[in-house]
Amino acid sequence: MLLEEERAALCDVGRRLAGTGLVTGASGNVSVRAGDLVAVTPGGMMLDRMTPADCPVVDVEGYLVEGERAPSSETPMHLALYAETDAAAVVHTHSTYGAVVATTMTELPPIHYNTLLLGGVVRVAEYATYGTPELAAHVRAAMEGGRRAALMANHGGVTIGRDLEEAYENARLLEWLCGVYVRARAIGEPRVLTDEQLARVVDRMLEPPAWPRRVT
């Protein structure tokens, strides 16, 4: 079986996405790239009930290479991100707070410096019908500038990573940031970090201060 390890990893992440509530039912999809091949979750199947054999393999042009089930309808979006970024994995969720922000905002304001871990301000891609080339193009544009995450208007969120684990953790972080913002709005107007404040965080990440050592 082609990409056996990658297909097994999709099943593991599918169970974790369902277990943490980032997806419900058959919503959401995941893929992982290995060379010119991509293992992707099947369309119309609950992610916590998949087996490796359920996950089809396509090439980077979208042709089915192996598998009995049809690939996820969002496969064009995944392939567009692989074509335009350094991603080796893509995770698409219908998480609650992500969907709330994606339904009401044009971007997720940087209310926490961990926004930088996703490449900066998270943009909300323009709405288009799911599974269409138009949606793939909108998401690709929202990811420009080194972003690792985007929201899709009236839909959900998508994250990328250098491997499947990173893409999954980015999905968790995106939902956490959305949740903080939505809850903050419930009690007041959230403070948004300025470009200068974010730049200082970047400087600290790049050059962390040396920890003093006690001389004995």
Side-chain angles (χ1 to χ4, degrees), residues 2-3 6-7 10 13-14 17 22-47 50 54-95 98-99 101-108 118-162 164 166-168 170-171 174 178:
L2 290 172
L3 305 188
E6 288 82 359
R7 290 155 106 170
L10 290 181
V13 167
L17 287 170
L22 293 176
V23 299
T24 57
S27 68
N29 34 78
V30 187
S31 70
V32 58
R33 178 176 182 174
D36 290 333
L37 297 178
V38 176
V40 62
T41 52
M45 187 173 188
M46 294 185 179
L47 298 191
M50 300 182 303
D54 291 320
C55 300
V57 174
V58 300
D59 62 22
V60 292
E61 295 181 351
Y63 291 96
L64 183 64
V65 175
E66 186 174 279
E68 296 300 320
R69 291 182 175 272
S72 165
S73 60
E74 296 290 10
T75 299
M77 177 184 69
H78 291 241
L79 297 179
L81 291 173
Y82 288 129
E84 297 294 331
T85 71
D86 64 351
V90 178
V91 172
H92 164 44
T93 68
H94 288 185
S95 58
V101 173
T103 303
T104 57
M105 309 288 293
T106 58
E107 65 179 28
L108 175 63
L118 298 179
V121 172
V122 179
R123 303 172 180 132
V124 178
E126 184 179 345
Y127 179 79
T129 304
Y130 77 91
T132 61
E134 290 79 13
L135 180 59
H138 294 334
V139 172
R140 186 174 60 224
M143 287 279 198
E144 288 178 353
R147 264 54 175 192
R148 316 302 285 173
L151 292 164
M152 294 173 282
N154 302 85
H155 190 159
V158 59
T159 56
I160 62 175
R162 290 166 293 186
L164 190 52
E166 183 177 274
Y168 169 73
N170 284 344
L174 176 60
C178 290

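- The closest side-chain heavy-atom distance from Leu135 to His155 is below 4.5 Å.
- Contact annotation: the side chain of Arg33 approaches that of Val60 to within less than 4.5 Å [non-hydrogen atoms, C-beta and beyond].
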Assess the residue pair Leu81 and Val158 against the criterion (side-chain contact (heavy atoms from CB on, under 4.5 Å)); give the C-alpha distance rounded to whole Å, side-chain angles, the decisive distance to 0.1 Å, and a yes or no.
CA-CA 10 Å; Leu81 291 173; Val158 59; 3.9 Å; yes

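- In this structure, the side chains of Leu118 and Leu108 stay at 4.5 Å or more apart for every pair of heavy atoms.
- The salt bridge (Lys or Arg N to Asp or Glu O under 4.0 Å) test applied to Arg140 returns no partner, not counting sequence neighbours.
- Distance check, rounded to the nearest 0.5 Å: OG1 of Thr41 to CG of Asp54 gives 10.5 Å.
- Residues Arg69 and Met50 fail the side-chain proximity criterion, which asks for heavy atoms closer than 4.5 Å.
- With values rounded to the nearest 0.5 angstrom, Glu74 atom CD is found 5.5 Å from Asn29 atom CG.
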Atom pairs and distances, side-chain donor-acceptor, residues 143-152, under 3.5 Å, sequence neighbours left out:
| from | atom 1 | to | atom 2 | distance (Å) |
| --- | --- | --- | --- | --- |
| Arg147 | NE | Val121 | O | 3.1 |
| Arg148 | NH1 | Asp86 | OD1 | 2.8 |
| Arg148 | NH2 | Asp86 | OD1 | 3.4 |

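- Side chains of Asp59 and Asp36 form no contact here, defined as non-hydrogen atoms less than 4.5 Å apart.
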Determine, stepwise, if the pair Leu47 / Leu10 fulfils side-chain contact (heavy atoms from CB on, under 4.5 Å).
CA-CA 9 Å; Leu47 298 191; Leu10 290 181; over 6 Å; no

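- In this structure, Val91 and Ala171 approach most closely via the heavy-atom pair CG1-CB, 3.9 Å.
- Inter-residue side-chain proximity for Thr75 and Ser31 is flagged as unmet; no heavy-atom pair is nearer than 4.5 Å.
- Relative ring orientation between His94 and His92 is described as perpendicular, the plane-to-plane angle rising above 60° on a 0-90° scale split at 30° and 60°.
- Minimum heavy-atom separation, Ala142 to Ala125: CB-CB, 4.0 Å.
- If you check the side chains of Thr159 and Asn170, you find no donor sitting under 3.5 Å from an acceptor.
- The OG1 atom of Thr103 sits 10.5 Å away from atom OH of Tyr127, with the distance rounded to the nearest 0.5 Å.
- Closest heavy-atom contact between His138 and Glu126: CD2-O, 3.2 Å.
- Separation of atoms CD (Glu68) and SG (Cys55) is listed at 13.0 Å; rounding is to 0.5 Å.
- For the pair Pro71/Pro42, no side-chain contact is recorded, criterion being any heavy-atom separation below 4.5 Å from C-beta on.
- Side chains of Glu6 and Val57 form no contact here, defined as non-hydrogen atoms less than 4.5 Å apart.
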